[in-house]
Participant: 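Mind looking over this structure? Questions follow.
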Amino acid sequence: MAASLRNPPANRTLSRPGKSGIAETSSLTGREKVLTDLRQALEKRGTAALDGLGGVGQTQTAIEYAYRYRQLYRAVFWAEADSRETLLADFVSIAAMLNLASAQAKDQELAVTDVKRWLETNPGWLLILDNADDLPLIQGFLPNQEKGHVLLTTRARAATALAERIAVRDMAPEEGALLLLRRAGVIAKDALFADAGQTDRQVALELSKEMGGLPLALDQAGAFIEETSRSLSEYAGLYASQKASLLAQRGTLGDHSSVVVTFFLAFEKVAANSAAAADLLRLCAFLAPDSIPEEILAPADQLSFARTIGEASRFSLLDRDAANKTLSIHRLVQIVIKGGMAEADRRTWAERAVRATEKAFPDPEYVNWPLCQKLIAHAQTCAALISEWDLGFVEAANLLNNAARYLVDRALFAEAEPLCQRSLAISEKVLGLDHPDVATSLNNLAALYRSQGKYAEAKPLYKRSLAICEKALGPGHPAVATSLNNLAELYRSQGKHTEAEPLVPTLARDLGKGAGSRPSRHEVGTLQSGRAPNRTPRALR
């Protein structure tokens, strides 16, 4: 049961029955602006809501506010609002503390009515409703005339009609690292980040980033480190290979569910209300966590899509940036959603993520670079999925190919090379060694090597690409001209003009009378760059 406190005692401790007494949240860091904004919101409107993802620290922030501003209130009341039953029980407790006769009544609704009447006629109180995710539910428990302040903690985003919203978000890397260092006992509770050793600071920073600055996860990690006498470095090693297991570990002194339980229960509530919203979250779990372009999701019905996003965002599991039309999901939510799937389901959703991203990724010509830039992080995430699950289908090879071409155009050769190599391997396996699409992958990998001056590696790839095109498409095909041009340019780059010259007559012939129309001036320019024109087949795209 939750709590209420009337006439705070001399020791100024905020106590919540059924939970540990908390004098102040000494481990709270990085919330000064939130506390200031919260105070201003309560003074302005009377009702404020601390909203955010579960585990981000709304409850701790509410406790800190109540402790910090306790002298400004005649009474502070605390009630758990996660269900109607807990709200009723806690309002009965508040009625008993106020010596209201309805506290002894069989009908608990009488206590609610009496407490609301007391709040409407007495000034100077603070009512905290914790875990108020069901906003319609709590409306019946709010006083009609506020002579005090009402503070909600919630994961719901649509609280504006009831309260002034104050967003509680993830901690910045250094703030999260400080919380971890303090909770693990590496430094004292009042110590500063700089007080830790250099190695511990660096490891704590990396863990803070890995956990997305989520206070609950950092608190869990600190508790595990303290209780198992592990070092930060030892924990980091475990976390690298056993994330899901460690996120399920809750310290023995903790009064909050683990990260896994917190997020999985929220996901199950979303799934119970909307299968489409659950599928949206599953798909997002297999993409890069930030700035997921809506182009990947390809909504056919915008109204239905808006409703789906609304359902997926009910417990702050998903964020939408309306200006950029992108979605974001916390990286730990991704881990929990994937961890709750059977292996076969994880493979299925990995394939769906790859196919959806491939469909959205455009031809990486200059005009499409802005969209390519929005999609490249997700394409690279999909590349990791392709490798992890050994996905071997044509769309996977196409995505890797287009992403690599974009990276090469941006001179990001080291990032492009493994994508080119993987695209080639998939094409060879799925299509056969002599398929024109294999020539595409060979040509692009060769172009990458040539851009880096790796001529010895490029030459056999260009030659093999040429041989495939001649065999599969015929000697007069424009794609053959592309391959001839690429090989000639390679020789010229090496200063081997005598080897390049014999290719020129054949190149001129194929440009002039190849199968299909003569390449345009733009296409000839593209040939000189080592990339194939848009009008040529995918064999040398």
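FYI, the numbering just counts along the sequence from 1. Below, each value reflects all heavy atoms present in this structure, side chains not excepted, and no hydrogens, waters or symmetry copies.
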Participant: So how far is it from Asp190 CG to Arg182 CZ, rounded to the nearest 0.5 Å?
Facilitator: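 Here the interatomic distance stands at 7.0 Å.
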Participant: Any heavy-atom pair between the side chains of Ile292 and Thr326 that's under 4.5 Å?
Facilitator: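 Contact flag for Thr326/Ile292 side chains = no.
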Participant: With a 4.0 Å cut-off, would you call Arg157 and Asp319 a salt bridge?
Facilitator: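 Salt bridge flag = yes for Asp319 with Arg157.
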Participant: Taking the six-membered ring for Trp, are Trp118 and Phe77 ring centroids under 6.0 Å apart?
Facilitator: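 Yes, ring centres under 6.0 Å apart.
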Participant: Please check: side-chain N/O of Gln220 versus main-chain N/O of Gln249, any donor-acceptor pairing under 3.5 Å?
Facilitator: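 Present.
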Participant: Would you call Arg169 and Asp51 a salt bridge, using N to O less than 4.0 angstrom?
Facilitator: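 So Arg169 pairs with Asp51 through a salt bridge.
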Participant: Which pair of heavy atoms, one from Val270 and one from Ala278, lies closest together, and at what distance?
Facilitator: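 Of all heavy-atom pairs spanning Val270 and Ala278, the closest is CG1-N, 4.2 Å.
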Participant: Got a salt bridge between Glu395 and Arg352, using NZ or NE/NH1/NH2 to carboxylate O under 4.0 Å?
Facilitator: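 Arg352 and Glu395: not salt-bridged.
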Participant: Taking atom CD of Glu43 as the centre, does the number of heavy atoms from other residues, nucleotides or ligands within less than 6.0 Å exceed 12?
Facilitator: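 Counting neighbours around CD of Glu43, more than 12 heavy atoms of other residues, nucleotides or ligands fall under 6.0 Å, so yes.
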Participant: Is the backbone N or O of Ala379 less than 3.5 Å from a side-chain atom of Thr357, with the two atoms forming a donor-acceptor pair by type?
Facilitator: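 Judged by distance alone, no pair lies under 3.5 Å.
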Participant: Could you tell me whether Glu295 and Lys374 make a salt bridge, using a distance below 4.0 angstrom between a side-chain N and a carboxylate O?
Facilitator: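 Here Glu295 pairs with Lys374 in a salt bridge, since their nearest N and O are under 4.0 Å apart.
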Participant: Give the intermediate values and the outcome of salt bridge (charged side-chain N to carboxylate O under 4.0 Å, His left out) for residues Arg70 and Glu64.
Facilitator: CA-CA 10 Å; Arg70 63 199 179 280; Glu64 179 65 20; over 6 Å; no
Participant: Less than 6.0 Å separating the ring centroids of Tyr69 and Tyr65?
Facilitator: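 Tyr69 vs Tyr65: aromatic centres under 6.0 Å.
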Participant: Between Arg201 (side chain) and Ala196 (backbone), is there a donor-acceptor pair under 3.5 Å?
Facilitator: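 Confirmed, Arg201 side chain pairs with Ala196 backbone.
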Participant: Do the side chain of Ser313 and the main chain of Ser316 share a donor and acceptor less than 3.5 angstrom apart?
Facilitator: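 No, because the side chain of Ser313 does not come within donor-acceptor range (under 3.5 Å) of the backbone of Ser316.
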Participant: Donor-acceptor pair, Asp195 side chain versus Leu192 backbone, under 3.5 Å?
Facilitator: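 Yes; judged by distance alone, with no hydrogens or angles, the pair exists.
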Participant: With a 4.0 Å cut-off, would you call Lys325 and Glu294 a salt bridge?
Facilitator: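 No.
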Participant: Determine, for Phe141 and Lys116, whether the Lys NZ or Arg CZ falls below 6.0 Å from the six-membered ring centre while staying within 45 degrees of the axis.
Facilitator: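 The answer is no; the distance or angle limit is not met.
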Participant: What are the two closest heavy atoms between Ala217 and Leu332, and how far apart are they?
Facilitator: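 Where Ala217 meets Leu332 most closely, the heavy atoms are CB-CD1, 3.4 Å.
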Participant: Search all heavy atoms of Ser291 against all heavy atoms of Ser328 and return the closest pair with its distance.
Facilitator: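 Of all heavy-atom pairs spanning Ser291 and Ser328, the closest is N-OG, 3.2 Å.
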Participant: Under a 4.0 Å threshold between the charged nitrogen and the carboxylate oxygen, would Arg347 count as salt-bridged to Glu343?
Facilitator: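 The answer is no: the pair does not qualify as a salt bridge.
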Participant: Of the options Leu87, Leu129, Asp90, which is the one that meets Glu80 in a side-chain contact (heavy atoms from CB on, under 4.5 Å)?
Facilitator: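 Exactly one candidate clears the test, Asp90.
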Participant: Give a yes or no on whether a salt bridge exists between Glu388 and Arg346, defined as a side-chain N under 4.0 angstrom from a carboxylate O.
Facilitator: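 Here Glu388 does not pair with Arg346 in a salt bridge, since their nearest N and O are not under 4.0 Å apart.
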Participant: Test side-chain contact (heavy atoms from CB on, under 4.5 Å) on Leu407 and Ile376 and set out the steps.
Facilitator: CA-CA 9 Å; Leu407 292 170; Ile376 191 61; 3.9 Å; yes
Participant: Is any side-chain heavy atom of Leu119 closer than 4.5 Å to a side-chain heavy atom of Lys147?
Facilitator: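 They are not in side-chain contact.
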Participant: Counting distance only, does the side-chain N/O of Gln334 pair as donor-acceptor with the main-chain N or O of Cys284 below 3.5 Å?
Facilitator: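 Looks like yes, one N/O pair under 3.5 Å.
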Participant: Is there a side-chain contact between Arg282 and Phe267 in this structure, where contact means two heavy atoms from C-beta onward sitting under 4.5 Å apart?
Facilitator: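 Contact flag for Arg282/Phe267 side chains = yes.
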Participant: Do the ring centers of Phe361 and His378 come within less than 6.0 Å of each other?
Facilitator: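 Ring centres of His378 and Phe361 not closer than 6.0 Å.
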Participant: Measure across Leu218 and Met211 and return the closest heavy-atom pair with its distance rounded to 0.1 Å.
Facilitator: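 Here Leu218 and Met211 meet closest at CD2-SD, 3.8 Å.
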Participant: Are Arg183 and Glu226 within salt-bridge range, i.e. N to O under 4.0 Å?
Facilitator: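 Yes, this pair counts.
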Participant: For residues Gln373 and Arg410, determine if any side-chain heavy atom of one lies less than 4.5 Å from a side-chain heavy atom of the other.
Facilitator: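 With C-beta onward as the side chain, the pair touches.
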Participant: Determine whether a donor-acceptor pair (N or O, by modelled atom type, separation under 3.5 Å) exists between the side chain of Ser387 and the backbone of Ala383.
Facilitator: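 Checked: no pair found.
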Participant: Any donor-acceptor pair under 3.5 Å linking the side-chain atoms of Gln202 with those of Glu206?
Facilitator: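 On atom types as modelled, these side chains qualify, holding a pair under 3.5 Å.
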Participant: Can you find a pair of side-chain heavy atoms, one from Ile138 and one from Asp134, that are under 4.5 Å apart?
Facilitator: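 Not touching, per the 4.5 Å side-chain cut-off.
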Participant: Can you check whether Ser231's main-chain N or O pairs, donor with acceptor, with Glu234's side chain at less than 3.5 Å?
Facilitator: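 Between the backbone of Ser231 and the side chain of Glu234 there is a qualifying donor-acceptor contact (under 3.5 Å).
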Participant: When the ring planes of Phe263 and His330 are compared, do they come out parallel, tilted or perpendicular, using 30° and 60° as the limits?
Facilitator: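 The rings of Phe263 and His330 sit tilted, inter-plane angle from 30° to 60°.
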Participant: Verify the distance criterion only: is there a donor paired with an acceptor across the side chains of Glu415 and Gln380 at less than 3.5 Å?
Facilitator: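 Yes, because at least one side-chain N or O of Glu415 sits under 3.5 Å from a partner of the opposite role on Gln380.
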Participant: Check whether any side-chain heavy atom of Ile128 sits under 4.5 Å from a side-chain heavy atom of Val150, and report yes or no.
Facilitator: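 No - every pair of side-chain heavy atoms lies 4.5 Å or more apart.
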Participant: Strictly distance-based, threshold 3.5 Å: is any side-chain N or O of Glu120 a donor or acceptor partner for the main-chain N or O of Asn144?
Facilitator: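 Here the side-chain-to-backbone pair exists.
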Participant: Are side-chain heavy atoms of Leu180 and Ser208 found at a separation under 4.5 Å?
Facilitator: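 Leu180 does not reach Ser208 side chain to side chain.
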Participant: What's the separation between atom CD in Glu109 and atom CG in Leu88, rounded to the nearest 0.5 Å?
Facilitator: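 Output value for this atom pair is 5.0 Å.
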Participant: With a 4.5 Å limit on heavy-atom distance, are the side chains of Val76 and Trp125 in contact?
Facilitator: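 Result no, sub-4.5 Å side-chain heavy-atom pair not found.
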Participant: Please find the pair of heavy atoms, one from Ala248 and one from Ser258, that lie closest to each other, and give the distance.
Facilitator: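 Result for this residue pair: O-CB, 3.5 Å.
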Participant: Give me the atom names and distance for the closest heavy-atom approach of Leu419 to Leu400.
Facilitator: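 Nearest pair, atom of Leu419 first, then Leu400: O-CB, 3.7 Å.
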